[in-house]
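Because the structure is predicted, anything quoted here is derived from the model rather than measured.
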Amino acid sequence: MMTENLYSLLLPSDRSDDTRAALQTETGATWSYGDLRRTAGRIARLLHDSGVGPGDRVAVQVEKSPEALCLYLAVLQLGAVYLPLNTAYTLTERRYFLSDAEPAVFVGMPRAAGEVEAPVPSAGPPVTGRVLTLAPDGDGSLMAACRNLAPWDAVAGVAADDVAAILYTSGTTGRPKGAMITHGNLGYTVRTLTRLWGVTEGDVLLHGLPVFHAHGLFIAANTVLFARASMLFLPKFSVDRVIALLPRATLFMGVPTLYTRLLADPRLTPALCRSMRLFTCGSAPLSAETFARFEERTGHRILERYGMTETAIITTNALDGDRVPGTVGYPLPGLEVRVADEAGRPVAPGEVGGLELRGPNIFKGYWRMPEKTAAEFRPDGFFITGDLVSLAPDGRVSIVSRAKDLIISGGYNVYPREVESVLGGIAGVRDAVVIGVPHPDFGEGVMAVVERQPDCDALDGAEIIAQAARELAGYKLPKIVVIQDSLPRNAMGKVQKNELREQHKDAFKR
């Protein structure tokens, strides 16, 4: 039976690459493609024996490891749906996703796995599916249960439109949405990027990104596996480790924050990057200053590209040709792009408008949210990204503004409404506004401006942050909280966020 299963692209059944190195860990352990195939097969057998089949969700909140990558591959192999969760999510956040997705299996870090099973009414109901654990060193009940099993050899037959993964993206309004990403979406992405970026089996990717994120998993890891290349697989980004390993690599994929941290180290030189073929950047806007400084320090011009959760990737600068700082390049081949006004009417060439897309990388819709899905698509099938862009005459895309009030801090999306909701529940807070302002390390820093209740002089910014930390992942927390008697509002009573952004634009320069 012909199948569009992504697994068949990443680990095909011909097994001619069984002894080829797929990744090397920080400790020097080498995993071959055969090792990945066999370990994924053992996990697939365990999940299958636990009742997991096509369409079932498998939620995963674990630290990065080769075993975690194999778990992802095993879920694909079974035709199930992979649901990665940020390791920073709190119990309250985690339980929301699990109750919404209703996974057949949850694999978590040992502490997190215990939390989701415990009765904590204020954090939502316990998980109902099977719970397994996976530690960063590969220990835990998942690997213990499958270590002696015979690998599952079958690959589930799926259609291109079948869902391969669900990635939750918190909305600017309302509850978080699960974007359903299909096998066809991911297959198109990996085939296209491998070709456009010239990735071959001779490449070595220095992989320092998390694998619960589309950038680290669907773009970085998938592309390497499809090309039969190899990875230097760091558990997390570290300037020292990246500096030490760059001479052994040919590729590096990062977010602006990683590049600014590398630029702060005097060891970053052209000699250090002599073996490097390509540096790419995504997940947040790259400043022209960082682009120029990196070229001056290394001789390399960073290739910036642009995407979002619902599309993985939309545009890329050219591998061969000019890479213009401040732009995100050209739409991927086969992707239809238009720039439109709020009614969906195309704007004049060169004018700013909303970016709308139709093509093979566009997600299937939001999990169990048909009305929200319908609202995000035009009747002719174009997806409304919400991002404001302009198109140059040659088709090059420049991002003018990210979707609505989205903050991108260190490559992670922070949605103000979610944070504002938590801050608004703290005693003494009358209203709260969360904004993103320029930050030298994170690109944008999260900042809160709080309107205190009348006669509440004891309100303290540090205490507000501490209370919010009980409900929010660390990257969502405000780094600065300003407390004042009132917020600037227009005649309709709406807070003037643009005024606050301008007022506090130098907050992180102090």
Side-chain angles (χ1 to χ4, degrees), residues 92-93 96 169-177 284-285 308 341-342 352-355 372 375-376 384-389 399-410 412-440 442-510:
T92 300
E93 292 167 315
Y96 167 77
T169 172
S170 297
T172 53
T173 60
R175 58 194 177 97
K177 312 181 295 293
M308 58 196 307
D341 61 18
E342 291 185 358
V352 173
L355 180 66
K372 182 63 177 174
E376 298 296 324
I384 307 166
T385 68
D387 287 345
L388 298 177
V389 307
I399 306 295
V400 175
S401 174
R402 300 295 302 202
K404 300 179 182 177
D405 293 323
L406 172 67
I407 301 167
I408 303 180
S409 184
Y412 295 126
N413 290 354
V414 180
Y415 294 86
R417 184 177 176 86
E418 181 184 13
V419 184
E420 289 163 356
S421 177
V422 172
L423 299 183
I426 295 175
V429 174
R430 184 175 187 176
D431 202 356
V433 173
V434 173
I435 57 175
V437 296
H439 191 286
F442 295 104
E444 286 185 294
V446 181
M447 179 178 183
V449 183
V450 169
E451 183 178 277
R452 62 162 61 92
Q453 294 281 4
D455 303 319
C456 188
D457 296 331
L459 204 60
D460 177 75
E463 179 58 25
I464 289 174
I465 295 172
Q467 289 192 51
R470 300 170 189 168
E471 299 184 54
L472 295 170
Y475 70 87
K476 300 177 184 178
L477 292 174
K479 293 175 173 58
I480 295 175
V481 174
V482 173
I483 300 171
Q484 50 195 51
D485 293 329
S486 62
L487 295 170
R489 302 174 187 272
N490 63 15
M492 299 297 292
K494 184 177 180 179
V495 175
Q496 300 291 83
K497 283 195 173 185
N498 287 341
E499 182 177 327
L500 289 174
R501 291 190 189 98
E502 178 63 25
Q503 180 182 344
H504 297 287
K505 65 183 179 182
D506 296 326
F508 290 104
K509 293 182 181 180
R510 298 167 186 164

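- Between G461 and I483, the closest heavy-atom pair is N-CD1, 3.6 Å.
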Residues V389, V352; criterion side-chain contact (heavy atoms from CB on, under 4.5 Å); working and verdict: CA-CA 5 Å; V389 307; V352 173; over 6 Å; no
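- No side-chain heavy atom of Q503 sits under 4.5 Å from any side-chain heavy atom of I435.
- Between the side chain of S409 and the backbone N or O of G445 there is no donor-acceptor pair closer than 3.5 Å.
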Test log, rule salt bridge (charged side-chain N to carboxylate O under 4.0 Å, His left out), inputs E376 and K177: CA-CA 12 Å; E376 298 296 324; K177 312 181 295 293; over 6 Å; no
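- Heavy-atom neighbours of E342 CD from other residues, nucleotides or ligands within 6.0 Å: at or below the threshold of 12.
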Evaluation steps, side-chain contact (heavy atoms from CB on, under 4.5 Å), between Y415 and T169: CA-CA 9 Å; Y415 294 86; T169 172; 2.8 Å; yes
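- H504 contributes no side-chain N or O that, together with a main-chain N or O of A507, makes up a donor-acceptor pair within less than 3.5 Å.
- No side-chain heavy atom of L477 sits under 4.5 Å from any side-chain heavy atom of V446.
- More than 12 heavy-atom neighbours from other residues, nucleotides or ligands sit within 6.0 angstrom of CZ on R452.
- Under a 3.5 Å cut-off, the side chain of E420 and the backbone N or O of V434 do form a donor-acceptor pair.
- Not one N or O on the side chain of Q496 forms a donor-acceptor pair closer than 3.5 Å with the backbone of P488.
- Put simply, the side chain of T385 gets close to the backbone of L355: a donor and an acceptor are under 3.5 Å apart.
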